[in-house]
Chemist: 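Shown below is the structure under consideration.
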There are 2 protein chains.
Amino acid sequence: MARTTGSNGARTHAAIRAAATGLIYRQGFAAMNLRDLAAEVGIQPGSLYNHIDSKQALLFDLMQDHMAALLAGTDAALDAAGPALMDRLRAFLDHHVLYHMERREEIAIANSELRALEPENRARIVALRSAYEARLTALLREGVAAGLLSVPDVAVTAYAMLAMLTGICSWYRPDGRLGKEELVALHTALALNGILRRQHQA
Amino acid sequence: MARTTGSNGARTHAAIRAAATGLIYRQGFAAMNLRDLAAEVGIQPGSLYNHIDSKQALLFDLMQDHMAALLAGTDAALDAAGPALMDRLRAFLDHHVLYHMERREEIAIANSELRALEPENRARIVALRSAYEARLTALLREGVAAGLLSVPDVAVTAYAMLAMLTGICSWYRPDGRLGKEELVALHTALALNGILRRQHQA
DNA sequence: TGGAAAAACGAACGTATGTTTACTTCCAGC
DNA sequence: GCTGGAAGTAAACATACGTTCGTTTTTCCA
C-alpha cells in the first residue's frame, strides 16, 4: 500500500519548506529558482512536484502557516496575560517583538512577498493580517475609552507601532550586541511611551 | 554633431526612469521585465539600451539618486531649523515623514531592493543609508547628553524610530482619510513621546 | 541643406526558468 | 515473494528573459 506517514516523504516536504524559507528570505520569491531549492534539499528539480503543486502554492502555504501561527501565538499570550488592559497591551507588544526576532525569516516573507501572490491567495493572507491588526486596534480603543491612552488616530497609530516593532526582524541577529529580553523591553517601552497619557506616568 | 541635451533622448531617459520606478515599486525588481518597461515607455526593448547600461545599472542609478536626494533634503531641513536641538530633531522627523509620503515609491525601492544589487553597488547604497542614520543617532546622542532625551540604546532606538516613520510609505495614499500635515504631526509626536524624558513634559 | 551622431526598430541569440513526462527505485502490506 | 503506490531520476518542453546586432529613421549642428 501507500508509504506511511513519517516516511521520507514527510521529511522531504519539511526540508523543502525550510530551504524555501531561507532562500526566499535572502533572495526574494521572484529571484529564487526551483533548481537552487532542489539542490539545497538534495533532490532533482522535478522531484519537488511530488511535494508541492507549484512555486506559487509553496509560497502561499508558507505565508498562510506563518500568519496562522502568529495569530495563535498572540491569542495565547493575550489569554495568559489576564483581563487587565495594560497587561494585555504589554503582552501583545512583548509577544510581537519576541516572535519577530525568533521567526524573522518567515515574518519578513509574509510582510514583503504579498505582491508575489496571485489575487485570490493575496486576499486570504491580507485577511489574516487584518485580523492580527484588529487585535491591536481593539486594545488601543479600549485604552482610549478607559482614559489610559492618548491616541489621536487608532488605525494609523496601530500601523506605526506595528511598523516600528516589525522593523526589528530586518536587522536583528541572534549573536548581536543586545539580548532578546533587552530588545523586547526597549521596544515595548518605546511604543508604550508614545501613547500613554502623560498624567498617568510617574 | 551629437544631439543636444533636451532632445528626445533626455526625455526618453526620464520616461524610462519614471516607468521603472513604478514597475519596481509594484512588482519588485526581479519580477519586473524589460519588455513591460519598454512597452510602458512606448519603445522597443532593445532601444532601452540607448539609455541604460543594464537592468542592474538602472536599479543602482535609481537607488543612488534617491538616497542622495533624501540626504540633501534632510540637510536642508536641518539647516533651516536653526541651532536648537529639539528644533533640529523635530525638523528631521517632520522631513522624514513628509518625504516618505511624497516619494514613497522611490523610498520603498531603496529600502526593499538592496538584496537585488550586486555587492559593489550594494556597498555604496548601504554607505548612503548609514550616513542618513548617522544624522539621527547624532541628534539622539546630543539629546541624551543635554538631559532632554531618555534613550536606552541610541542605535537600536534610531532603527526603531526610522522603521516606524518609514512604514508610512507602505500604506499612505494621497487620497486617504488623513492629510499630510496630520500624518506628519501624528508620527512625529508618537516618535518624540517615546524618547522624551518624562519630567520635561507638560 | 547635407551629413553624422543619436535614437529607435525588428529580429535574433543564448540561457534560465517553471513544469511535465517516462522511467526507475524503494518499501509496506497481502 | 509479489505488488502497487509513493518518491526520486534524468531528460526534455515551452516559454520568458536580458541582451546584442544590423539596419533604418530622426534630429540638429556646421
Side-chain angles (χ1 to χ4, degrees), chain A residues 1-21 23-24 26-63 109 113 115-121, chain B residues 1-21 23-24 26-63 109 113 115-121:
Chain A
M1 284 282 287
R3 203 172 293 186
T4 50
T5 324
S7 65
N8 247 351
R11 267 189 282 125
T12 303
H13 195 181
I16 290 173
R17 292 166 57 95
T21 300
L23 282 171
I24 297 174
R26 292 194 300 274
Q27 310 180 4
F29 177 73
M32 176 200 72
N33 69 76
L34 297 186
R35 278 167 180 79
D36 286 350
L37 175 59
E40 194 153 308
V41 176
I43 60 178
Q44 295 298 314
S47 302
L48 291 171
Y49 286 82
N50 288 322
H51 307 277
I52 67 172
D53 289 338
S54 66
K55 192 188 177 192
Q56 166 79 199
L58 171 61
L59 175 63
F60 175 69
D61 285 348
L62 287 177
M63 292 179 73
I109 292 173
E113 297 294 355
R115 63 186 170 194
L117 289 173
E118 290 162 1
E120 326 85 62
N121 290 339
Chain B
M1 282 283 285
R3 202 174 290 184
T4 50
T5 322
S7 66
N8 246 351
R11 266 190 283 126
T12 302
H13 195 180
I16 290 173
R17 292 167 57 97
T21 300
L23 283 171
I24 297 173
R26 291 194 302 274
Q27 312 180 5
F29 177 72
M32 175 200 73
N33 68 75
L34 297 185
R35 280 167 179 80
D36 285 349
L37 175 59
E40 194 153 310
V41 176
I43 60 177
Q44 296 298 314
S47 302
L48 290 171
Y49 286 81
N50 287 323
H51 307 277
I52 66 173
D53 288 338
S54 65
K55 192 187 177 193
Q56 166 78 200
L58 171 60
L59 174 63
F60 175 69
D61 284 348
L62 288 176
M63 292 179 73
I109 292 172
E113 298 294 355
R115 64 186 168 193
L117 289 173
E118 290 162 0
E120 325 82 64
N121 290 340

Chemist: Taking atom OG1 of A:Thr21 and atom CZ of A:Arg26, what is their separation to the nearest 0.5 Å?
Modeler: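 Those atoms lie 10.5 Å apart.
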Chemist: How many Å lie between CD1 on B:Ile16 and P on D:dT19, as a whole number?
Modeler: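 It is 13 Å, rounded to the nearest whole Å.
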Chemist: What is the distance, rounded to the nearest whole Å, between atom CD of B:Gln27 and atom P of D:dA16?
Modeler: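 My rounded result for the distance is 15 Å.
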Chemist: Could you tell me how far apart A:Arg11 (CZ) and D:dA6 (P) are, to the nearest whole angstrom?
Modeler: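 Distance, rounded to whole Å: 18 Å.
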Chemist: For residues 41-54 of chain A, which side-chain donor-acceptor pairs fall under 3.5 Å, sequence neighbours excluded?
Modeler:
{"unit_1": "A:Ser54", "atom_1": "OG", "unit_2": "A:Ala57", "atom_2": "N", "d": "3.1"}

Chemist: Let me confirm one number: the CZ-NZ distance from B:Phe29 to B:Lys55, rounded to the nearest 0.5 Å.
Modeler: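 NZ of B:Lys55 is found 4.5 Å from CZ of B:Phe29.
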Chemist: Applying side-chain contact (heavy atoms from CB on, under 4.5 Å), name anything that partners A:Asn33, two or more places apart in sequence or on another chain.
Modeler: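 By the side-chain contact (heavy atoms from CB on, under 4.5 Å) rule, A:Asn33 matches A:Arg35, A:Asp36.
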Chemist: What does nucleotides 8-21 of chain C look like as a protein-contact string, B for base, S for sugar-phosphate only, - for none, at under 4.0 angstrom between heavy atoms?
Modeler: BBS-B----BBBB-
Chemist: Say you draw a straight line from CE of A:Met63 to CD of A:Glu113; how long is it, rounded to the nearest 0.5 Å?
Modeler: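 Separation between the atoms: 7.0 Å.
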Chemist: Rounded to whole angstroms, how far apart are CG on B:Leu37 and C1' on D:dA16?
Modeler: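 These atoms are roughly 16 Å apart.
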Chemist: Show the numbers, then the answer: is there a side-chain contact (heavy atoms from CB on, under 4.5 Å) between A:Leu59 and A:Asn121?
Modeler: CA-CA 10 Å; A:Leu59 175 63; A:Asn121 290 339; over 6 Å; no
